[in-house]
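Structure, as structure tokens:
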Amino acid sequence: MQDTLERYLPERAVSLSMELIKENSVHLKIVNQRVTRHGDYRRMPNGSHQITVNATLNKYRFLITLVHEIAHLVAFEKYGRKIKPHGLEWKRTFQYLMLPFLRPEVFPTNLLPMLARHFRNPKASSDTDAGLSLALKQFDVQDSGKSYVFELPHGSVFRIYNGKLFQKKNKRVKRYECVEVATGRVYLFQPNAEVELIKD
């Protein structure tokens, strides 16, 4: 397991991550890219704990996702199954588990202030924190055919991962209104959503 983790995590995070995995009897599965999620946690029918994390994540996002999912397990075990999945108990658990990793030996120094801000009140997904999400994306393997919604000109048409086409409209407080071309329905997109520009 250690050899596998060394391929996916920052070097100085491997031993701490191994401890968390062993301590909580986690069965870790590293899976192919799933567009709708970075990872998930499931309690299996036999009582074991399975966590899956996307293999395509960069090492910093992989670490955050792994700890995020372990926090679900720990929070459910400590507070019971009736808590909200991303409620106060999970937030506190995630903060506590993440704290030993928030160091310059693990994360690049330019990410640390953003991570500190994010972990004051962690969200259900690091993608909803647009600043942190964009900062983390600089460490991804670049996909030259992708753009971010906030970069597109007003009125431009773009395609998302499932092939649906949208036209970018006005910005609300944080997100952008986008109209699905086929149905005319309005959806809200995060500014850091990755899309494929069709025409501007």
Inset, instruction - Specify whether Tyr8 and Phe62 have parallel, tilted or perpendicular ring planes, treating 30° as the upper limit for parallel and 60° as the lower limit for perpendicular. - result: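 Tyr8 vs Phe62 ring planes: parallel.
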Inset, instruction - Any pair with a residue in residues 105-117 that passes side-chain hydrogen bond (donor to acceptor under 3.5 Å, both in side chains), sequence neighbours left out, goes on the list, sorted by first then second residue, please. - result: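 Listed by first then second residue: Arg103-Glu105.
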To the nearest 0.5 Å, what is the distance between [atom1] on [X] and [atom2] on [Y]?
X      : Y      : atom1 : atom2 : result
Glu151 : Leu134 : CD    : CG    : 8.0 Å
Ser147 : Glu194 : OG    : CD    : 9.0 Å
Lys123 : Leu132 : NZ    : CG    : 11.0 Å
Asn54  : Leu57  : CG    : CG    : 5.0 Å
Glu69  : His38  : CD    : NE2   : 10.5 Å
Ser17  : Leu63  : OG    : CG    : 5.0 Å

Which heavy-atom pair separates [X] from [Y] by the least distance, and what is that distance?
X      : Y      : answer
Lys168 : Cys178 : CA-SG, 4.0 Å
Lys59  : Leu9   : CB-C, 3.8 Å
Leu165 : Val157 : CB-CG1, 4.4 Å
Ala13  : Val106 : CB-CG1, 4.0 Å
Leu5   : Met18  : CD1-SD, 3.4 Å

Under the salt bridge (charged side-chain N to carboxylate O under 4.0 Å, His left out) definition, can you give me all pairs with a residue in [range], not counting sequence neighbours?
range            : value
residues 153-167 : Arg159-Glu196
residues 5-24    : none
residues 177-188 : Arg172-Glu177

Check whether [X] reaches the backbone of [Y] with its side chain - one donor and one acceptor, N or O, closer than 3.5 Å.
X      : Y      : value
Lys29  : Ile51  : no
Asn24  : Val26  : no
Gln138 : Ala135 : yes
Ser133 : Asp129 : no

Inset, instruction - Please confirm whether Tyr176 and Phe189 have ring centers closer than 6.0 angstrom. - result: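 No: the rings miss the under 6.0 Å criterion.
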Inset, instruction - Determine whether the aromatic ring centres of Phe101 and Phe107 lie less than 6.0 Å apart. - result: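 Between Phe101 and Phe107, the centre distance exceeds or equals 6.0 Å.
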Legend entry - Test log, rule salt bridge (Lys or Arg N to Asp or Glu O under 4.0 Å), inputs Arg37 and Asp40: CA-CA 8 Å; Arg37 63 183 61 182; Asp40 62 22; 3.1 Å; yes
Inset, instruction - Could you work out the complete set of other residues in the hydrophobic cluster of Val179, with links drawn between I, L, V, M, F, W and Y side chains under 4.5 Å apart? - result: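 Reading the cluster by chain and number, Val179 sits alongside Val186.
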Legend entry - Verdict with supporting geometry, Val53 and Val31, side-chain contact (heavy atoms from CB on, under 4.5 Å): CA-CA 6 Å; Val53 181; Val31 298; over 6 Å; no
Donor-acceptor pairs under 3.5 Å, side chain of residues 78-100 to any protein atom, not counting sequence neighbours: which ones?
{"residue": "Arg81", "atom": "NH2", "partner": "Tyr41", "partner atom": "OH", "Å": "3.0"}
{"residue": "His86", "atom": "NE2", "partner": "His68", "partner atom": "NE2", "Å": "3.4"}
{"residue": "His86", "atom": "NE2", "partner": "His72", "partner atom": "NE2", "Å": "3.2"}
{"residue": "Trp90", "atom": "NE1", "partner": "His68", "partner atom": "O", "Å": "3.3"}
{"residue": "Lys91", "atom": "NZ", "partner": "Asn121", "partner atom": "OD1", "Å": "2.7"}
{"residue": "Lys91", "atom": "NZ", "partner": "Pro122", "partner atom": "O", "Å": "3.1"}
{"residue": "Thr93", "atom": "OG1", "partner": "Glu89", "partner atom": "O", "Å": "2.7"}
{"residue": "Gln95", "atom": "NE2", "partner": "Phe119", "partner atom": "O", "Å": "2.7"}
{"residue": "Gln95", "atom": "NE2", "partner": "Arg120", "partner atom": "O", "Å": "3.0"}

Inset, instruction - Report the C-alpha distance between Asn58 and Arg61 in whole Å, list the side-chain angles of each, state the deciding distance to 0.1 Å, and finish with yes or no for side-chain contact (heavy atoms from CB on, under 4.5 Å). - result: CA-CA 6 Å; Asn58 71 54; Arg61 194 181 292 276; 3.8 Å; yes
Inset, instruction - Quick one: do Phe139 and Leu111 satisfy side-chain contact (heavy atoms from CB on, under 4.5 Å)? Show the steps, please. - result: CA-CA 11 Å; Phe139 301 99; Leu111 280 181; 3.6 Å; yes
